[in-house]
Amino acid sequence: MIAEVCINYQDANVDKTFDYLVPEHLEELVEVGKRVYVNFGVSNRVVEGLIVNVKEDTNIEKEKLKRIFSVIDKIPVVSEEQIKLAFSIRDYYALKLGQALELVIPPFISNKDIYQISAKTDQEIDLEGELKEIYKKILKRPISANSKFAKENKEKIISLFLKGLLKYELKPLKSLEDKKENMLTEPQYGLTDEQNRALDVIKTAFDEGVYKNILLFGVTGSGKTEVYIQAMKYVIEKGKSVILMVPEISLTPQMIESVKNRLNTTVVVYHSKMSSLQRQMAWLKLKSGEAKVVIGPRSAIFAPAKELGLIIVDEEHEPSYKAEKSPRINAVEVAQMRAKINNIPVVLGSATPMVEHYYWAISGKYLLCTLKSRVNMTMPEVFVVDMKKELLEGNKSIFSRLLLSEIEKNLQKGEQVLLFLNRRGYSPVVICRECGYVYMCKNCSISLTYHKSGYLKCHYCNYKEKYTGICPKCGSKYVRQYGSGTQRIEDEIKMYFKDAKILRMDKDTTTRKDAIEEILNRFKRKEADILVGTQMIAKGLHFPDLTLVGVINADTILNMPDFRSKERTFQLLTQVAGRAGREKQGRVIIQTFNPDDYSIVAASKHDYESFFREEIKLRKAMGYPPYAYIVNFVVVSQNEKYAQRGIENVYRLLEEYSKTADAKIYGPSESPIFKVENQYRYHILVKFKKALQMIDVANKIKERYNYNNAELIIDVNPWNTL
DNA sequence: AGCACGCCGACT
DNA sequence: GTCGGCGTGCTC
């Protein structure tokens with residue numbers, strides 16, 4: 001018996017598996033997905049590894065193989081399905097095997113805090129000196145695998161393991177069962193024809209047992225959630241489990257509640273902010289099959305759901321599904337890989353589908369289900385205000401005359417207002433008027449934002465310094481703040497409407513736990529008339545008396561140097577507009593310097609189709625997705641020279657490997673934000689015509705890049721190239 | 001990660 | 001000549 005083992009998956013430096021001989025006494029314990037201790041390298045040091053495959057004697061020269069000397073886990077910590085998924089992820093994102101496996105290994109397993117070490121027999125064994133002391137201690141009472149004692153005596157404990165005296169096992173769990181609430185309520189408002197059709201498509205795909213993408217394109221309030229719930233019910237009744245992905249757990253409490261109440265099974269939530277014990281419980285419930293539904297953000301796609309039958313991705317266009325840090329996976333793509341492995345359907349739900357997904361839906365690659373009619377709701381009226389014109393006509397304020405008069409009306413009627421600006425702080429730029437000096441972050445090539453607290457802050461690395469009002473370069477007192485963030489909006493609104501009660505919700509006011517919920521509840525109880533905020537107020541909120549939404553500056557996203565900027569603008573405007581008048585008639589005012597831009601015009605008319613038609617033309621002309629597959633090769637180092645040398649290496653490799661592929665190379669060049677957290681960044685953007693060629697070239701470069709002074713990050717299908 | 005191997009300059 | 005610098009590559 002031979003076990004294929006991935007070594008050191010935590011530090012991810014070894015990018016292949018190794019064959020080990022399984023000694024006879026371990027044959028029964030060895031299983032794919034369990035961790036083992038093995039000797040590794042010339043010095044034979046003891047390392048942890050994960051069994052990814054078990055095979056019978058083949059042609060391998062067994063004399064060359066080392067032997068596994070102990071099996072750590074009683075039950076596999078990773079399923080064979082999850083290992084397959086890790087291999088797919090490694091191939092697609094050109095990751096090292098260890099990096100990919102780390103994604104499917106539950107975090108608490110790495111922490112080892114649910115494991116304990118105990119003695120195998122209850123007899124005192126004949127041992128010498130310190131070993132005896134340690135053994136006696138463990139015999140008396142099992143120790144936590146993560147304890148200080150275990151760490152301090154690692155070597156000796158391992159040698160006790162080698163003697164076969166200790167075992168490694170799951171700690172008995174404290175009973176933390178949450179009460180099963182039996183609040184099963186049936187839907188009132190029955191399914192509409194459109195909903196029924198969508199449900200049938202999902203059921204059929206599930207019954208057929210094939211991998212298929214189903215795009216559920218439904219406007220806000222068209223009842224997507226109801227379709228999800230009915231589809232989940234169907235799948236659960238057939239004994240299979242479901243993963244429901246949501247962009248952000250804190251903003252979807254209503255959905256979680258209704259799923260919990262409506263489904264006759266244990267539903268677990270799976271995300272990084274849970275306590276370690278909560279996560280262990282969720283993990284065990286899924287692993288045992290007790291829980292058939294898991295809800296969570298990006299990381300939930302790796303949950304150990306047993307016999308997976310369906311994956312649903314709600315708000316599939318949300319950027320939070322794409323990881324911004326390496327490994328830069330996209331949970332939607334991972335969902336598709338996992339569905340493919342299991343031969344099951346994926347439902348992608350959105351009111352503003354990602355351009356690629358809609359393109360594939362109308363070209364027949366995906367199935368398309370459309371929900372057009374809104375349940376008990378009307379669309380808000382949208383006004384686009386040309387801020388150039390406002391300026392020409394003498395209005396120098398941040399607010400247009402229309403917005404001010406509409407706010408006034410709302411305050412008089414006692415109805416609420418939402419003001420949206422995609423920028424926190426007071427002013428994003430501070431400039432000396434005498435010498436032109438711009439305050440920059442010491443660690444990043446980013447201008448510092450002035451905050452009302454009297455500090456200048458970097459929104460990339462959180463560096464902050466006290467604001468003195470005196471130019472550090474020339475000593476002048478004529479330093480001025482330019483542009484506005486949410487803090488300034490709040491201040492200026494107070495000047496116009498002295499009696500209005502205002503709440504602000506952005507990253508700065510929501511650092512405390514539960515702060516988001518608190519602010520939203522206060523607004524819901526009508527303790528404030530106006531809510532000012534960033535992105536986070538755009539999603540899923542529902543306030544009956546909110547009838548006016550103001551977008552202070554629609555251009556902040558539009559002007560980003562990114563091919564998705566128009567799509568993001570359309571999505572965000574549509575989303576934030578959807579907050580107005582969900583029960584009463586609502587109004588939306590969009591302030592912009594580009595009133596004719598198609599993304600803004602289409603959003604104001606609630607017209608996805610016309611936005612898509614314009615956007616897809618542009619994508620085709622410029623050779624962007626879905627007409628190309630993009631990889632961003634980024635090389636990063638604290639030392640500018642090293643980063644430069646690294647990217648030159650990548651360029652040489654690219655020239656060599658992309659010869660036979662249909663590829664266009666852009667760069668190398670400095671990344672748009674050259675320095676972040678004291679790391680210099682160079683990048684090369686490559687467009688491929690064929691996905692397979694992209695994967696092939698990216699993997700070859702990963703294998704051949706060996707310049708240790710600068711790290712190479714390969715971003716497949718990037719969402720931002722800053 | 002470690003460790004060995006090997007190709008080059010420095011130097012008893 | 002050979003000692004050791006570190007760049008490169010391997011570890012079942």
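We name chains A, B, ... by the order of the sequence lines, and we start the count at 1 in each one.
A 4.5 Å side-chain heavy-atom check between A/Phe87 and A/Val52 finds at least one atom pair inside the cut-off. In this structure, the side chains of A/Phe302 and A/Ile329 come closer than 4.5 Å at one or more pairs of heavy atoms. Looking only at side-chain heavy atoms (C-beta outward), A/Lys687 and A/Tyr629 stay at 4.5 Å or farther from each other.
Between chain A and DNA chain C, the heavy-atom contact criterion of under 4.0 Å yields a 5' to 3' nucleotide range of C/dG9 to C/dC12.
Classification of A/Lys66 and A/Asp19 as a salt-bridged pair fails, no side-chain N sitting under 4.0 Å from a carboxylate O. In summary, A/Glu102 and A/Lys96 do not engage in a salt bridge, as defined by a charged side-chain N under 4.0 Å from a carboxylate O.
Pairing analysis of DNA chain B (Watson-Crick: purine N1 to pyrimidine N3 plus N6-O4 or O6-N4; G-U wobble: N1-O2 and O6-N3; both under 3.5 Å) yields stems of 3 or more pairs at B:1-11 with C:1-11.
Evaluation of the ring pair (Phe, Tyr, Trp, His ring centres under 6.0 Å) test over residues 670-722 of chain A, restricted to residues two or more places apart or in two chains, returns A/Phe674-A/Tyr680, A/Phe674-A/Tyr682. Judged as a salt bridge (charged side-chain N to carboxylate O under 4.0 Å, His left out), the pairs with a partner in residues 321-338 of chain A (not counting sequence neighbours) are, in order, A/Glu81-A/Arg338, A/Lys322-A/Asp715, A/Arg328-A/Asp715.
In this structure, the side-chain contact (heavy atoms from CB on, under 4.5 Å) partners of A/Ser326, at least two apart in sequence or on a different chain, are A/Gln99, A/Ile713.
Cation-pi geometry between A/Lys442 and A/Tyr463 is not met: the NZ or CZ atom fails to fall both under 6.0 Å from the ring centre and inside 45° of the normal.
Using the six-membered ring where Trp is involved, A/Phe18 and A/Phe40 have ring planes that are perpendicular, over 60° apart on the 30 and 60° scheme.
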Contact list (N/O, under 3.5 angstrom) for nucleotides 2-4 of chain B vs protein:
unit_1	atom_1	unit_2	atom_2	d
B/dG2	OP1	A/Arg45	NE	3.3

